[in-house]
Amino acid sequence: MKKLLSILAAACFGAVAFAGNTSFMSNVYGRDFRMLNGKWNAIVDLYDQGIRMEVYKNLKPQKNEEFYEYSFDGGLRLDVPGDWNSQAPELKYYEGTVWYARHFDASPEAGRRQFLYFGAVSSRCRVYLNGSLLVSHEGGFTPFQAEVTDLLADGDNFLVVEVSNRRSADAVPALAFDWWNYGGITRDVMLVTVPDLYINDYFIRLDKNDPALVHADISLSDEVSAEVRIDIPELKVSETVMTAPDGTASVSFRAKKLKRWAPDEPKLYEVSVSCGDDSVAEMIGFRSMDVDGTRILVNGKPVFMRCVSFHEEIPQRCGRAFSEADAVMLLSEAKALGVNMIRLAHYPQNEYTVRLAEKMGILLWQEIPVWQAIDFTDESTREKAAGMLSDMIMRDRNRCAVGFWGVANETKPSDARNAFLRHLLETGKAIDDTRLYTAAFDLAYYEPGSGCFEMHDSFISELDVVAVNKYMGWYAPWPVDPSEAVWNVAPGQPLIISEFGGEALYGQSGDADAAFSWSEEYQERLYRDNIEMFSHIPNLAGVSPWILFDFRSPYRFHPQNQSDWNRKGLVSDRGYRKKAWYLMHEYYMKKKNEN
Ligand code: GCB
């Protein structure tokens with residue numbers, strides 16, 4: 001099957017290269033691995049000729065009459081991980097194919113299996129090892145792996161990755177989206193070594209109702225019965241269980257002294273899972289997420305979500321974030337604002353960010369890039385989205401910081417949309433029913449008849465938490481004074497204002513009444529008005545300004561005020577806090593004290 005997919009993929013880059021539901025091992029950073037990051041050689045292939053020329057074979061002339069019109073040596077060098085757009089001026093707007101290549105040494109090891117693991121490649125790729133196609137993948141924000149145990153040469157190996165970031169109507173996201181279309185090998189590349197029989201995946205979490213009961217599901221690499229052990233030394237837990245002949249096992253155990261993870265006390269435990277020669281460990285926390293009427297409960301207690309969003313981007317570098325140091329920068333600035341939650345916009349972000357947020361006590365909303373105009377009628381698009389959702393969940397379902405899985409942003413009601421989103425909810429819940437499922441909508445409007453903001457989208461009743469993006473004072477003029485802006489949206493359900501805000505160019509002073517001033521004063525006033533409105537939303541369970549940092553977006557054309565930047569950041573592209581930041585900070589401090 002894999003081979004057939006590869007042949008089809010080779011025939012047509014765009015159409016069949018999708019390998020959704022790729023199975024990859026969980027907790028790759030807890031395994032025995034070697035990073036293949038660093039400087040790679042690269043060829044820019046605007047007309048997609050590399051396949052015909054078989055550049056992945058990396059041939060060199062052997063006879064007098066031979067020559068090749070390519071060479072990976074002596075040309076462009078690109079950092080991996082990293083987007084190519086920020087690494088060469090001529091690649092800033094590039095959308096097309098780039099071939100990446102590098103050598104690495106390997107040695108087959110008896111009784112051990114080896115895998116190439118890619119944290120993310122944006123957004124489609126084919127991987128070739130020693131001249132042959134190994135695997136293809138579509139989707140720029142989720143990991144994939146390929147086994148290379150029997151393919152590695154003893155000594156030098158040559159790895160080529162053909163990457164394309166061309167947008168397409170059947171992709172997720174599709175043709176237009178409000179962030180930079182970064183291309184490249186954007187996350188870590190690893191050569192992972194595991195024992196012959198290894199622990200492929202585990203899901204260890206607290207019971208939804210009983211705070212001293214832990215459930216664990218384990219699946220081994222092979223369909224065999226074997227003994228698996230789970231240790232949590234600090235809780236004096238040491239449980240063993242036999243897997244069924246299909247290599248899976250489930251076990252539940254009590255942990256009486258267990259302290260739950262919460263944003264103000266992010267307690268984590270070292271947990272290890274062992275089977276035969278394999279043992280994998282990491283820090284895991286335990287908590288519950290529920291909804292009670294219009295409130296969101298963490299460990300049974302109502303918590304108001306003081307949220308913010310950021311893209312996976314370092315504004316000062318004009319490029320993708322990829323390292324732990326990047327995660328420190330992004331999360332420290334979020335924490336400084338006073339948040340207890342982050343909505344990772346608009347796609348699964350790297351594991352460094354997710355894991356550090358958990359250590360810092362920040363709840364997460366993670367989502368897939370089902371952003372506005374997706375083709376809801378296309379079955380292959382639906383399967384791509386479902387594959388991304390399950391890959392995101394499989395990677396992070398042991399991260400207790402993740403409280404919400406988001407399935408879509410700003411979609412319009414239709415039967416096809418409903419069926420698409422329902423499929424996503426079913427897919428997600430089948431692998432993780434311990435999180436709250438949500439989606440952001442943008443069709444809440446003021447109805448003069450009722451004197452309230454209302455939203456008519458029947459799908460929201462299928463969600464645990466409803467989220468609305470509403471740009472009062474920016475895309476939407478105020479129909480009434482903010483003090484009269486009463487909401488009646490999703491009554492009876494928790495509602496998060498998942499985006500609000502407006503643009504301001506840092507350092508620009510201007511009329512606090514005029515949006516076109518792009519001034520900090522206008523943005524500050526807009527925040528003041530929105531904060532006033534929040535007190536008239538009876539089911540408000542949280543708010544999330546759009547956005548923490550100015551971010552790059554190619555359709556923000558205004559030459560003086562934007563020049564390829566969306567300026568809705570509370571913090572400028574150079575890291576300066578705008579006036580509105582201080583207002584939001586004050587609001588969050590007040591909310592924190594009320595909690
Ligand atoms: C939205 C989108 C977000 C955009 C934002 C904007 O509603 O969800 O991705 O960046 O508006 O700035 O227009």
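Both ligands and their constituent atoms are indexed starting at 1 by order of listing. Just the heavy atoms: all of them, side chains too, but no hydrogens, waters or symmetry mates, feed the values below.
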Does at least one non-hydrogen atom of N409 fall below 4.0 angstrom from an atom of ligand 1?
-> yes

Using a strict cut-off of less than 4.0 Å between a Lys/Arg side-chain nitrogen and an Asp/Glu carboxylate oxygen, indicate whether E162 and R126 qualify as a salt bridge.
-> yes

Applying a 4.0 Å heavy-atom criterion (strictly less than), which segment of N566 is in contact with ligand 1: side chain, backbone, both, or neither?
-> side chain

Decide if atom NZ of K592 counts as having more than 12 heavy atoms of other residues, nucleotides or ligands within a radius under 6.0 Å.
-> no

Go through ligand 1 atom by atom and flag the ones less than 4.0 Å from a non-hydrogen atom of H346.
-> 3 (C), 8 (O), 9 (O)

Nearest protein heavy-atom contact for atom 4 (C) of ligand 1: which residue, which atom, what distance?
-> D178 OD2, 3.2 Å

Trace of the ring-ring contact (aromatic ring centres under 6.0 Å, His included) decision for Y555 with W180 | CA-CA 9 Å; Y555 68 70; W180 207 264; over 10 Å; no

Among protein heavy atoms, which sits nearest to atom 7 (O) of ligand 1, and what does the distance come to when rounded to 0.1 Å?
-> E410 OE2, 2.3 Å

Of H311, R556, K568, E499, the one whose closest heavy atom lies nearest atom 1 (C) of ligand 1 is E499

Could you tell me how the ring of W179 sits relative to the ring of F177: parallel (under 30°), tilted (30 to 60°) or perpendicular (over 60°)?
-> tilted

Under 4.0 Å between a Lys/Arg side-chain N and an Asp/Glu carboxylate O for E520 and K578?
-> no

Give a yes/no on ligand 1: does F177 have at least one heavy atom closer than 4.0 angstrom to it?
-> no

Do me a favour and list the nearest non-hydrogen protein atom to atom 5 (C) of ligand 1 with residue, atom name and distance?
-> Y471 OH, 3.3 Å

Under a heavy-atom criterion of less than 4.0 Å, does K470 contact ligand 1?
-> no

Contact atoms of ligand 1, heavy-atom distance to Y475 under 4.0 Å = 6 (C), 12 (O), 13 (O)

Salt bridge flag under 4.0 Å for residues D326 and R317 = yes

Electrostatic pair R556-D178, nearest N-O below 4.0 angstrom | yes

Just which atoms of ligand 1 are under 4.0 Å from any heavy atom in F551?
-> 10 (O)

Answer yes or no: are there more than 12 heavy-atom neighbours, outside D415 itself, under 6.0 Å from its atom CG?
-> no

Answer yes or no for W179: is there a heavy-atom contact with ligand 1 below 4.0 Å?
-> no

